[in-house]
Amino acid sequence: MAESEQDAAIDRALGPGVTLFETADSYGGGKMESRLGARLPSDRVVVATKIGTDHQATLPRKRFDKAFLKESAKRSRERLKRKIDVLLLHNPSSEAIVRGEATEALGQLVEEGVARAWGVSVATPTAATAAMIREAPVLEIPHNCFHTTELFMVQELVKDKKTAIMARSVLAYGLLCGGWPVSKEFPPDDHRSERWLGDELKRRIMQLNALRPSVLGNITSLRAVALRYVLANERISCAVVGPRRTQQLLELVRDVGKDPTYMSAEQVETLEMRIRNVGVRT
């Protein structure tokens with residue numbers, strides 16, 4: 001995406017009331033942090049960024065030692081031109097979380113005033129559970145109507161805590177938008193080409209039929225169904241949607257709607273039943 005389009009999307013997001021921007025020091029080698037730092041107001045928005053990838057190594061690798069994390073956080077703060085609102089570990093293993101050095105480092109960064117809050121962005125149920133055991137105040141997990149494993153694993157742990165849950169991959173990398181033909185193919189350098197092998201993508205596209213009866217009234221698309229399903233869950237604090245263009249941003253905001261209930265409990269239950277009936281194991 002062209003830099004001018006990135007700037008336009010950032011600027012336009014402020015109009016409809018987007019209040020959280022999520023990024024990482026590895027996105028464009030820190031360039032996205034710099035763009036946000038140059039364009040976002042100092043108030044009215046929350047910025048979450050992720051650290052824990054060493055791009056100075058011969059091959060990029062994960063690093064969660066205290067010295068590296070502290071230096072990374074300070075560089076991110078300089079690029080963002082603000083105290084970091086939410087500082088997240090970027091996809092650590094459960095072992096890295098359990099060791100405690102990384103979470104301790106982020107806690108110290110909060111005490112030192114580099115960040116307001118810390119948390120962990122995870123990719124697996126075991127890492128999500130480990131983060132909750134370490135009492136992470138913020139947890140970012142993959143979550144959508146076809147994938148609820150991480151939230152299911154931690155929901156009992158968060159019940160009595162004030163843990164903020166950030167949901168990512170809420171549209172399953174575009175699958176839940178419902179715009180792909182069953183013949184859809186991805187280029188080899190697209191991570192989705194390895195995510196759905198063989199006939200798996202075709203099967204997933206056919207399973208979208210479970211969402212179609214939910215397109216009713218002010219829920220006008222499959223994408224709206226997917227977004228509202230996530231936001232209707234009271235344990236989800238926010239959804240990270242990742243628009244690539246200004247027009248896409250406006251469509252996502254429209255699909256979310258203005259009703260804070262998003263979907264009724266009955267609508268959610270009926271949708272989940274239909275999803276199970278088409279063979280989706282969430």
Side-chain angles (χ1 to χ4, degrees), residues 1 5 9 12-13 15-20 22 140-152 155 165-186 190-193 195-282:
M1 181 167 57
E5 181 63 23
R12 191 67 181 86
V18 174
T19 57
L20 183 139
E22 188 258 26
E140 183 178 42
I141 58 173
H143 181 69
N144 58 66
C145 59
F146 276 12
H147 182 100
T148 62
T149 307
E150 283 73 17
L151 185 60
F152 177 79
Q155 61 184 355
I165 303 291
M166 299 171 60
R168 62 175 177 81
S169 306
V170 296
L171 295 174
Y173 306 102
L175 169 68
L176 298 177
C177 294
W180 298 343
V182 292
S183 58
K184 177 72 175 179
E185 294 183 0
F186 297 102
D190 190 315
H191 70 93
R192 293 173 294 184
S193 66
R195 186 170 297 277
W196 296 295
L197 300 176
D199 290 332
E200 175 65 12
L201 179 59
K202 182 183 296 185
R203 184 173 70 88
R204 284 295 193 184
I205 292 173
M206 295 300 293
Q207 287 173 333
L208 289 175
N209 287 328
L211 277 63
R212 299 189 190 283
S214 294
V215 181
L216 291 169
N218 62 358
I219 304 178
T220 58
S221 67
L222 294 188
R223 182 173 56 192
V225 173
L227 289 170
R228 291 178 181 229
Y229 172 81
V230 171
L231 290 170
N233 191 313
E234 62 181 9
R235 293 193 176 94
I236 299 297
S237 302
C238 64
V240 178
V241 293
R244 297 182 63 85
R245 300 180 305 279
T246 304
Q247 184 58 38
Q248 188 179 52
L249 164 72
L250 297 176
E251 291 170 355
L252 288 164
V253 171
R254 179 201 64 203
D255 286 343
V256 166
K258 298 180 180 180
D259 184 354
T261 58
Y262 301 109
M263 296 179 77
S264 69
E266 182 180 359
Q267 287 175 308
V268 169
E269 184 178 354
T270 301
L271 174 59
E272 289 178 336
M273 181 184 66
R274 289 199 304 266
I275 289 172
R276 290 192 297 269
N277 287 343
V278 297
V280 176
R281 295 181 179 179
T282 58

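If you read the sequence from its start, that first residue is 1, and numbering goes on from there. From a predicted model like this one, the values you see are computed outputs, not experimental measurements. Only this structure's heavy atoms are used, side chains among them; waters, hydrogens and symmetry mates stay out.
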Within the 4.5 Å heavy-atom criterion, are [X] and [Y] side-chain neighbours or not?
X: N218; Y: R228; value: yes
X: I275; Y: L211; value: yes
X: T220; Y: D255; value: yes
X: I205; Y: L175; value: yes
X: E150; Y: H143; value: no
X: L20; Y: M166; value: yes
X: N233; Y: L151; value: yes
X: V280; Y: R204; value: yes

Could you tell me the separation between the [atom1] atom of [X] and the [atom2] atom of [Y], rounded to the nearest 0.5 Å?
X: W180; Y: L208; atom1: CH2; atom2: CG; answer: 9.0 Å
X: R168; Y: C238; atom1: CZ; atom2: SG; answer: 12.5 Å
X: L222; Y: C145; atom1: CG; atom2: SG; answer: 9.0 Å
X: S183; Y: L201; atom1: OG; atom2: CG; answer: 9.5 Å
X: R12; Y: Q247; atom1: CZ; atom2: CD; answer: 9.5 Å

Practice task
Please say whether more than 12 non-hydrogen atoms of neighbouring residues, nucleotides or ligands are located less than 6.0 Å from CD in E266.
Solution key: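 Atom CD in E266 is not packed in, count stays at 12 or less.
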Practice task
Give a yes or no on this: more than 12 heavy atoms of other residues, nucleotides or ligands lie within 6.0 Å of atom CD of Q155.
Solution key: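 Correct, the count exceeds 12.
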Exercise for the section: Could you go through the side chain to side chain donor-acceptor pair (under 3.5 Å) check for S214 and R274 one step at a time? Expected result: CA-CA 10 Å; S214 294; R274 289 199 304 266; 2.4 Å; yes
Can you name the nearest heavy-atom pair linking [X] to [Y], along with the distance?
X: Q207; Y: F146; value: O-CZ, 3.7 Å
X: A239; Y: V170; value: CB-CG1, 4.1 Å
X: A13; Y: P16; value: O-CD, 3.2 Å
X: M263; Y: V225; value: SD-O, 3.9 Å
X: T261; Y: A232; value: O-CB, 3.9 Å
X: P243; Y: L252; value: CB-CD1, 3.8 Å

Handout entry: Chi angles and distances behind the salt bridge (Lys or Arg N to Asp or Glu O under 4.0 Å) call for R223, E251
Key = CA-CA 9 Å; R223 182 173 56 192; E251 291 170 355; 3.3 Å; yes
Practice task
Go through the steps to decide whether Y229 and T148 satisfy the test side-chain contact (heavy atoms from CB on, under 4.5 Å), and finish with yes or no.
Solution key: CA-CA 11 Å; Y229 172 81; T148 62; 3.8 Å; yes
Exercise for the section: Begin from the C-alpha positions of W196 and Y173 and carry the test side-chain contact (heavy atoms from CB on, under 4.5 Å) through to its verdict. Expected result: CA-CA 11 Å; W196 296 295; Y173 306 102; 4.3 Å; yes
Problem - Polar side-chain atom of S264 near backbone of Q267 as donor-acceptor pair, under 3.5 Å - result: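 Yes; at least one donor-acceptor contact below 3.5 Å.
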Handout entry: Salt-bridge present (E200, R203; N to O < 4.0 Å)
Key =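 Salt bridge: yes.
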